[in-house]
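Inspection log for the structure reproduced underneath, given as structure tokens.
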Amino acid sequence: MRKTPMHIEREEFKKLGYQLVDTIARFMENIDEYPVTKGESPLQVQRALGDSNFPEQGKTAQEILNRSTELLLEHSLFNGHPKFLGYITSSPAPIGILADMLATAVNQNVGAQILSPMATEIEKQTIKWLCQFIGVSSDYGGILVSGGNMANFNAFLVARTAKADMALKEDGLFNSHSKLLTYCSKTTHAWVEKAAILFGHGSKSVRWIPTNPENRMNNEILAQTIEQDINNGFQPFLVVGTAGDVSTGVVDNLQEISAICKKHNLWFHIDGAYGAPAAIIPELKNIFKGIEEADSIALDPHKWLYAPLEAGCTLVKNPKHLTDTYSAHPEYYNFSKDEEGQSLNFYEYGLQNSRGFRALKVWMALQQLGREGYQRMIADDIQLSQYMFDLAKKHPELEAMTQNLSITTFRFVPKDLIPDNPKDKETYLNELNESLVDKLQHGGEVFLSNAIVNGKYGLRGCIVNFRTSKKDIGEIIEIVVREGRKTHQKFMEEIPLKN
Ligand SMILES: *Cc1c(COP(=O)(O)O)cnc(C)c1O
């Protein structure tokens with residue numbers, strides 16, 4: 001074989017690989033001894049990286065690997081740390097780390113069956129297993145994408161192809177299709193607005209439906225709004241139900257939404273990017289009732305299935321709508337169908353053309369844990385979140401706000417707060433808790449994010465972390481209270497200055 005500067009001799013490759021695996025194994029073993037983050041400023045991180053230009057000469061792989069490892073282990077935020085409960089980013093499954101190495105070594109282009117025979121079949125099987133995981137028919141087709149936004153975008157485009165008349169493909173949105181409307185609850189993730197803007201519908205085409213006191217979409221208002229819009233000459237095409245909203249983990253009443261969609265012949269999409277995997281818990285079957293009615297579902301293996309980034313997934317009840325949306329047959333492709341009709345070219349199921357083998361890490365973790373393993377781990381995460389809520393409820397300086405799936409929100413309320421009037425008190429508490437979130441996020445002991453619930457700014461812990469223990473939750477509560485008191489103290493000292 002040709003020898004090039006890219007070549008690494010077999011013995012050298014093994015040595016580097018073993019070193020790297022040793023380092024990673026040690027890192028995973030001791031991850032709780034690292035700070036969650038060093039909270040460095042971008043300038044500090046830039047200094048550590050150094051400001052050099054594109055090198056003229058190459059270096060040895062050993063040098064590069066040593067430095068890369070050091071830079072990343074010394075200047076990263078570790079979402080695999082047991083006290084990382086921010087946003088919805090999980091600890092990566094160790095088997096997924098190995099899967100990615102294998103996947104990139106074989107380097108399959110999972111855009112076309114002929115280019116990736118086994119990888120295509122593994123992705124198909126992964127899709128089937130994900131359907132069985134969340135309890136919908138295995139007849140759904142689907143595709144792995146980079147994450148929740150892309151999974152939802154994909155569904156949005158498929159819904160439009162299915163519900164707008166065929167002339168849309170030729171005429172675009174500018175003729176008769178400018179009145180296509182989307183419906184979703186106010187708590188829906190920001191992807192909806194992005195999709196409406198990027199795909200040419202405009203942000204005004206999204207009807208944000210208010211929520212009821214439990215924070216679920218108010219389906220009465222949904223039905224009324226759709227009817228009004230139809231009477232006014234608009235063309236509703238898509239309703240988005242949320243299965244685990246990003247702030248507080250609430251699941252909409254999916255069955256009711258499905259009935260409304262059927263009545264008006266609308267596409268029913270479920271955004272389950274975070275929450276859908278919880279449908280695997282038998283005790284939660286009721287909450288997810290109606291999920292099997294969805295025309296499409298988005299879910300994120302890189303959230304509650306612990307796949308390393310990136311892995312999202314779109315499932316579509318009738319996969320024909322996927323090919324209707326994406327299929328194209330340029331003359332330079334010779335991707336003909338096989339005689340048994342089993343061939344699937346994933347480029348016809350989504351926006352990407354060349355595609356990596358994301359499915360492998362998901363497929364391997366699904367086998368390592370099986371249904372039983374995932375049921376236990378997801379149930380444990382939920383239980384830990386409930387424990388966090390209980391601790392907040394019992395603590396005299398904390399106010400527990402919400403608890404759904406594995407998300408708990410609460411806020412710090414100092415004991416000696418004497419409000420002049422309720423409005424000032426709420427403003428003070430909001431500023432105090434916002435400052436507390438900032439402090440915690442840079443302190444490195446714990447990472448929580450924030451949520452605003454009924455105007456109250458609170459701290460938010462989302463447990464999609466298989467390393468977090470009960471002890472961690474207890475310690476997190478103590479850290480929050482300790483830092484909350486300090487922040488309050490500082491605020492009180494500053495108040496005379498403000499006047
Ligand atoms: C996380 C999330 C998204 C976005 O997913 P990404 O993987 O971050 O792109 C969309 N919807 C919901 C409900 C989410 O929780």
Side-chain angles (χ1 to χ4, degrees), residues 77 79 84-93 96 130 134 142-157 159 182-199 206 208-209 211 215-217 238-252 254 257 268-279 287-288 291 294 296-315 350-352 356 358-359 361-362 378 381-382 385 402 404-409 449-453 460-465:
L77 173 145
N79 40 42
F84 177 87
L85 307 184
Y87 304 102
I88 315 178
T89 313
S90 60
S91 301
L130 289 175
I134 63 169
I143 182 169
L144 291 186
V145 295
S146 57
N149 261 32
M150 293 307 290
N152 285 303
F153 288 168
N154 193 0
F156 184 97
L157 292 172
T182 300
Y183 300 77
C184 64
S185 114
K186 279 193 163 145
T187 65
T188 308
H189 190 277
W191 71 264
V192 176
E193 187 169 24
K194 235 182 192 176
I197 295 170
L198 292 173
F199 301 133
V206 181
W208 299 93
I209 306 297
T211 48
N215 232 3
R216 297 166 118 190
M217 177 148 68
L238 167 64
V239 182
V240 179
T242 298
D245 94 87
V246 63
S247 280
T248 63
V250 168
V251 180
D252 283 336
L254 304 173
I257 300 174
F268 175 30
H269 172 66
I270 294 178
D271 180 4
Y274 153 61
I287 296 183
F288 289 93
I291 195 170
S296 58
I297 301 166
L299 74 105
D300 257 358
H302 71 206
K303 286 179 173 168
W304 223 346
L305 302 188
Y306 315 104
L309 293 160
E310 303 166 343
C313 174
T314 313
L315 300 173
L351 288 152
Q352 273 184 287
R358 292 192 183 93
K361 59 195 172 190
V362 181
I378 290 175
D381 287 345
I382 293 173
S385 173
T402 64
N404 296 286
L405 299 184
S406 69
I407 299 179
T408 288
T409 63
S449 48
N450 66 290
I452 297 170
V453 182
R460 170 184 170 285
C462 172
I463 304 174
V464 286
N465 190 331

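Just so you know, ligand 1 is whichever comes first in the structure, and atom 1 is the first atom listed for that ligand.
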Logged contact type for Thr242 with ligand 1, heavy-atom cut-off 4.0 Å, is neither
Practice item. State, yes or no, whether a side-chain contact exists between Ile407 and Thr402 at a heavy-atom distance under 4.5 Å. Key: no
| task | If the plane angle is over 60° it's perpendicular, under 30° parallel, otherwise tilted; pick one for Trp304 and Tyr274. | result | parallel
At under 4.0 Å between heavy atoms, what of Met150 touches ligand 1? The answer is neither
Taken in chain and number order and not counting sequence neighbours, the residues that satisfy salt bridge (charged side-chain N to carboxylate O under 4.0 Å, His left out) with Asp300 are Lys303
for atom 13 (C) of ligand 1, nearest protein heavy atom and its distance come out as Asp271 OD2, 3.2 Å
* Do the non-hydrogen side-chain atoms of His302 and Pro92 ever get within less than 4.5 Å of each other? -> no
Quick note on ligand 1: atoms under 4.0 Å from a heavy atom of Gly147 include exactly 7 (O), 9 (O)
When distances are taken from atom 9 (O) of ligand 1, the protein heavy atom at minimum range is Asn149 N, 2.8 Å
If you scan protein heavy atoms around atom 2 (C) of ligand 1, the nearest is Lys303 NZ, 2.2 Å
Any heavy atom of Asn152 under 4.0 Å from ligand 1? The part involved is side chain
*asked:* If only side-chain N and O atoms count, and only distance matters, is there a donor-acceptor pair under 3.5 Å linking Arg460 with Ser449?
replied: yes
Between Pro301 and the options Cys313, Pro277, Ser90, the side-chain contact (heavy atoms from CB on, under 4.5 Å) test singles out Cys313
For atom 6 (P) of ligand 1, the closest protein heavy atom turns out to be Gly148 N, 3.2 Å
A student checking ligand 1 against Asp300 at a 4.0 Å heavy-atom cut-off should list atoms 5 (O), 6 (P), 7 (O)
Check whether Asp252 reaches the backbone of Met217 with its side chain - one donor and one acceptor, N or O, closer than 3.5 Å. yes
Ligand 1 to Ile88, heavy atom cutoff 4.0 Å, flagged ligand atoms 15 (O)
Atoms of ligand 1 under 4.0 Å from any heavy atom of Tyr274, numbered from 1 in the order shown, are 15 (O)
Open item on the list: Keeping Ser185 on the side-chain end and Thr187 on the backbone end, is there a donor-acceptor pair under 3.5 Å?
Closed with: yes
